[in-house]
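Taking it in order: structure first as structure tokens, then the write-up.
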Number of protein chains: 2
Amino acid sequence: MKALTRNQELVLDVLQRSARQMSAYDILDKLRPEGLKAPLQVYRALEKLMEIQLVHKLESLNAFVSCNHKSCHGSDMTAFTICQDCGAVNEFSADGVAALLKRQSVGEGFKIYQTAIEIKGTCARCM
Amino acid sequence: MKALTRNQELVLDVLQRSARQMSAYDILDKLRPEGLKAPLQVYRALEKLMEIQLVHKLESLNAFVSCNHKSCHGSDMTAFTICQDCGAVNEFSADGVAALLKRQSVGEGFKIYQTAIEIKGTCARCM
DNA sequence: TATGTAATGTTATAATATAACAAACTGAGT
DNA sequence: ACTCAGTTTGTTATATTATAACATTACATA
């Protein structure tokens with residue numbers, strides 16, 4: 001487990017402090033005071049952070065969240081609920097779903113590398 | 001079930017003829033000969049077509065596919081495998097997964113509106 | 001025909017993401 | 001310490017994806 005570089009630390013830190021998902025440009029704006037200037041600096045850090053599963057991308061929102069969910073590091077399965085009213089995103093453990101998907105995809109001769117499950121709807125608070 | 005408008009027909013037709021997923025701009029380029037000029041014409045058609053589930057968006061690719069999968073109209077659950085080698089996309093039926101997700105999310109007090117499951121990996125052909 | 005809803009066309013612009021290339025840093029092996 | 005390979009960085013420019021705003025037209029139906 002390699003140490004993070006400065007830019008990676010900065011990006012991760014911003015994401016961890018944020019209550020919400022952030023776009024790459026949201027992150028960039030937060031980090032301008034630290035000297036970051038170009039989107040690529042953020043995107044590159046995000047790429048690495050996703051590689052080591054400290055950050056996930058919400059594909060349907062083009063946004064990023066940090067992941068403290070220990071069980072998820074080393075897993076290739078992430079699942080999120082996204083509330084369409086309040087915007088709250090919640091990562092939840094989907095082990096049963098993961099197992100089922102794996103079985104099914106093996107049945108179809110497909111080798112899973114990474115899975116994104118994004119569920120849009122209404123959260124308990126907003127109902 | 002309302003009839004489709006001209007633009008919606010055109011967009012759906014292009015997608016159905018295509019062996020692959022297409023970006024909105026891919027579609028636009030195919031339809032320039034029919035007189036379409038602006039991205040919005042395509043995006044608006046796509047929006048409607050997705051609403052009535054004749055088209056799905058692959059969130060992780062920012063691309064669109066048509067859906068002939070009868071069982072899926074009226075469902076709020078779509079699942080895709082995406083081969084990272086050849087790019088082939090396959091929609092598969094994930095009823096079991098859907099049921100499981102529904103049970104689990106209900107447990108967490110979340111009301112599902114729409115779910116995207118996108119699995120990246122290697123297809124049988126490419127293994 | 002009046003009326004409301006939906007769809008259209010158009011221009012402009014916002015938001016998201018990557019290409020290309022030179023330079024600096026890092027770590028392992030010698 | 002030296003060097004080599006690999007990674008990370010900084011930077012400018014550009015590609016790709018998506019929406020805003022607004023005037024206009026089509027269309028069903030009461």
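It should be emphasised that the depicted structure is a prediction, and the values quoted were computed from it without experimental measurement. Labels below follow one simple rule: chain letters A, B, ... track the order of the sequence lines, proteins then strands, and each chain is numbered from 1.
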Is any side-chain N or O of [X] closer than 4.0 Å to OP1 or OP2 of [N]?
| X | N | answer |
| --- | --- | --- |
| B:Asn62 | D:dT16 | no |
| B:Thr5 | C:dA6 | no |
| B:Gln41 | C:dT8 | no |
| A:Lys57 | C:dA17 | yes |
| B:Lys37 | C:dG9 | no |

Compare the minimum distances between each of [options] and the side chain of [X], then state the nucleotide with the smallest one.
| X | options | result |
| --- | --- | --- |
| B:Arg44 | C:dA20, D:dA18, C:dT8 | C:dT8 |
| A:Pro39 | C:dA17, D:dT19, C:dG9 | C:dA17 |
| B:Tyr43 | D:dG10, D:dT17, C:dA17 | D:dT17 |
| A:Lys48 | D:dG10, D:dT8, C:dA7 | D:dT8 |

Rounded to whole Å, please give me the gap between [atom1] in [X] and [atom2] in [N].
| X | N | atom1 | atom2 | answer |
| --- | --- | --- | --- | --- |
| B:Leu46 | D:dT19 | CG | C1' | 14 Å |
| B:Leu61 | C:dT16 | CG | C1' | 15 Å |
| A:Leu49 | D:dT8 | CG | P | 11 Å |
| A:Gln8 | D:dG10 | CD | C1' | 15 Å |
| A:Glu51 | D:dT7 | CD | C1' | 11 Å |
| B:Leu58 | D:dT17 | CG | P | 13 Å |
| B:Arg6 | D:dA26 | CZ | C1' | 14 Å |
| B:Asn7 | D:dA26 | CG | P | 13 Å |

Cluster overlap A:Leu58 with A:Leu54, hydrophobic side-chain contacts below 4.5 Å: no
Are A:Leu61 and A:Ile27 connected in the hydrophobic side-chain network, where two residues link if heavy atoms are under 4.5 Å apart?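 No, it is not one cluster - the side chains of A:Leu61 and A:Ile27 are not joined through contacts under 4.5 Å.
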What is the minimum heavy-atom distance between A:Ala24 and A:Val42, and which atoms define it? O-CG1, 3.6 Å
Where is the tightest heavy-atom contact between B:Asp29 and B:Pro33, given as atom of each residue plus distance?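 Nearest pair, atom of B:Asp29 first, then B:Pro33: O-CD, 3.8 Å.
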Within residues 18-35 of chain B, the residues having a heavy atom closer than 4.0 Å to DNA chain D are B:Ser23, B:Tyr25
Salt bridge or not for A:Asp13 and A:Arg17, using N-O below 4.0 Å? yes
Using a strict 4.0 Å threshold on nitrogen-to-oxygen distance, state whether B:Glu9 and B:Arg6 make a salt bridge. no
Evaluation steps, salt bridge (Lys or Arg N to Asp or Glu O under 4.0 Å), between A:Arg44 and A:Glu47: CA-CA 5 Å; A:Arg44 291 204 273 226; A:Glu47 188 182 10; over 6 Å; no
